[in-house]
Amino acid sequence: MSSKIPTLDFSREDLKPGTKYWKSTSKNIRQALEEYGCFIIDLQDKTPLDLLDQVFGSLVQLFDLPTQTKMKNKYDKPLNGYVGQIPALPLHESLGIDNATSLEATRSFTGLMWPQGNKHFSECVHKYAEFAAKLDQMVTRMVFESYNVEKHYKPYIESTTYLLRVLKNSAPNNDKPNLGFVTHTDKSFTTILHQNQVNGLEMETREGEKININLSSPSLFMIVAGDALMAWSNDRVWSPRHQVLVSGETDRYSLGMFSFNNGTLQVPEELIDHQHPLMYKPFDHIGLLRFYRTDIGYKSECPIKAYCGI
Ligand SMILES: O=C(O)CCC(=O)C(=O)O
Ligand SMILES: [Fe+2]
């Protein structure tokens, strides 16, 4: 059950900067991120149901393409392209669209997958990316405000881009939990996860308790803090370990929207004091991905601490 992890109502009209509800929600976000490193957003009647239907329909088409085609999804940035055909993870496949809020970038991804073109795919995926980026920016702004460092929000957002990963875990057609995606922490600043209502995400608490996340309504979106946010917050926010376990007869499709800063991130000085001595050196966020791809990075217990911890 995910009952312990807070679900916050993002459908209210008064969720606007400056209102009481905005302030109390910001406080709840900060609390959830410090305690669990994640929380659930419920958009209720504000959920873009048509768009979500179109996106998930498009994902079925995308994953049905030949493996050779999907393998063309490559970027210079590490960890951004096609993942699949891994013997230990036979149910998993995923692809990445870097800078997904740019129509040009989604078009160029689409052109690789469908050289003859697929306007419907590029348009609906781009629309989803814009929608998820807007949600992420709202959450991020509330995080910055809750720490009284809102002056750093604009420069942060101006140098942030989004990697949209689309994931499929094929139905195992059995009832036991099958590993869909290995335990990891996200390397992003923030992540927004959404799924086709087939559950499977399992989050670990600070104490090591594993919690199955119930996202079985299309109105639910999971926000996860990544390693970069944990470091930026000087270890106030928790970057939770999580994995995907699937069972049953229905394929699981999910969307992960990851924010990455294209510059150097550092702990705001407001978050350093006697009780919270500086724990991280300023770090190049994309460099964290490169470090994670090295043997030392991949094998380290806590990659962000190994990368830039003090
Ligand atoms: O499929 C999911 O819901 C989670 C995927 C995930 O954790 C990731 O891609 O980092
Ligand atoms: Fe993840």
Side-chain angles (χ1 to χ4, degrees), residues 2 5 33 36-41 52 55-56 59-60 62-63 70 73 75 77-84 86 88-98 100 125 128-129 132 135-136 162-172 177-205 210-230 237-248 250-260 285 288-289 292-293 297-298 302-304:
S2 47
I5 294 182
L33 291 178
Y36 297 106
C38 60
F39 63 94
I40 295 165
I41 284 179
L52 296 174
V55 172
F56 283 116
L59 291 193
V60 176
L62 174 67
F63 283 101
K70 289 181 276 190
N73 173 219
Y75 292 99
K77 267 190 212 167
L79 308 171
N80 277 15
Y82 176 76
V83 174
I86 302 171
L89 284 179
L91 303 173
H92 180 88
E93 260 192 308
S94 55
L95 297 101
I97 306 172
D98 190 27
V125 165
Y128 179 80
L135 196 56
D136 177 74
Y162 291 92
L163 166 69
L164 178 62
R165 286 199 70 81
V166 298
L167 306 92
K168 177 181 181 183
N169 287 293
S170 297
N178 301 260
L179 189 61
F181 200 59
V182 290
T183 305
H184 64 282
T185 58
D186 288 350
K187 306 294 164 281
S188 54
F189 196 80
T190 44
T191 304
I192 300 187
L193 295 173
H194 189 63
Q195 66 181 36
N196 68 335
Q197 291 94 69
V198 178
N199 285 327
L201 185 63
E202 189 187 78
M203 305 296 304
E204 225 177 282
T205 66
K210 295 192 164 123
I211 302 183
N212 295 323
I213 304 298
N214 179 5
L215 297 175
S216 53
S217 154
S219 66
L220 301 177
F221 294 77
M222 179 91 191
I223 309 293
V224 183
D227 290 355
L229 174 52
M230 179 168 87
V237 168
W238 176 240
S239 167
R241 285 154 59 90
H242 52 284
Q243 62 175 352
V244 177
L245 295 169
V246 285
S247 59
T250 315
D251 294 332
R252 177 174 191 271
Y253 291 90
S254 52
L255 296 150
M257 184 75 161
F258 300 89
S259 64
F260 282 99
H285 193 179
L288 173 63
L289 292 181
Y292 190 60
R293 209 175 46 173
Y298 189 73
C302 182
I304 185 81

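Counting convention: from 1, in listed order, for ligands and their atoms alike. Because only heavy atoms are used, hydrogens play no part in the values below, and waters and symmetry mates are left out as well, while side chains stay in. Since the structure is predicted, the reported quantities are computational estimates derived from the model, not experimental observations. The first residue in the sequence is number 1, and the count goes up from there.
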**Study point:** Sequence-distant partners of Asn73, side-chain hydrogen bond (donor to acceptor under 3.5 Å, both in side chains), two or more places apart
**Key:** none
Review point. Do Lys70 and Tyr82 meet the cation-pi criteria used here (NZ or CZ under 6.0 Å from the six-membered ring centre, within 45° of the axis)?
Key: no
Check your understanding: Residues two or more places apart in sequence or in another chain: which of them pass side chain to side chain contact (heavy atoms under 4.5 Å, CB included) with Gln243?
Key -> Leu179, Thr183, Glu202, Lys210, Leu245
Check your understanding: So, the side chain of Asn214 versus the backbone of Ser216: is there a donor-acceptor pair under 3.5 Å, distance only?
Key -> yes
Point to revise | Distance-only polar pair, side chains of Thr190 and Ser259, donor-acceptor under 3.5 Å | key: yes
**Study point:** Atoms named by residue and atom, protein N, O or S, within reach of the Fe ion (ligand 2) (under 2.8 Å)
**Key:** His184 NE2, Asp186 OD1, His242 NE2
Review point. Under 3.5 Å, side chain of Arg293 to main-chain N/O of Pro78, donor-acceptor pair present?
Key: no
Need the list: ligand 1 N/O atoms against protein N/O atoms, distance under 3.5 Å, rounded to one decimal.
unit_1   : atom_1 : unit_2 : atom_2 : d
ligand 1 : 1 (O)  : Arg252 : NH1    : 2.9
ligand 1 : 1 (O)  : Ser254 : OG     : 2.7
ligand 1 : 3 (O)  : Arg252 : NH1    : 3.3
ligand 1 : 3 (O)  : Arg252 : NH2    : 2.9
ligand 1 : 7 (O)  : His184 : NE2    : 3.1
ligand 1 : 7 (O)  : His242 : NE2    : 3.0
ligand 1 : 10 (O) : His184 : NE2    : 2.9
ligand 1 : 10 (O) : Asp186 : OD1    : 3.1

Exercise for review: Could you tell me whether Phe260 and Tyr162 have their ring centroids closer than 6.0 angstrom?
Suggested key: no
Review point. With distance as the sole test, does His194 use its side chain to make a donor-acceptor pair with the main-chain N or O of Leu215 at under 3.5 Å?
Key: no
Check your understanding: Do the side-chain N and O atoms of Ser94 and Arg165 include a donor-acceptor pair separated by under 3.5 angstrom?
Key -> yes
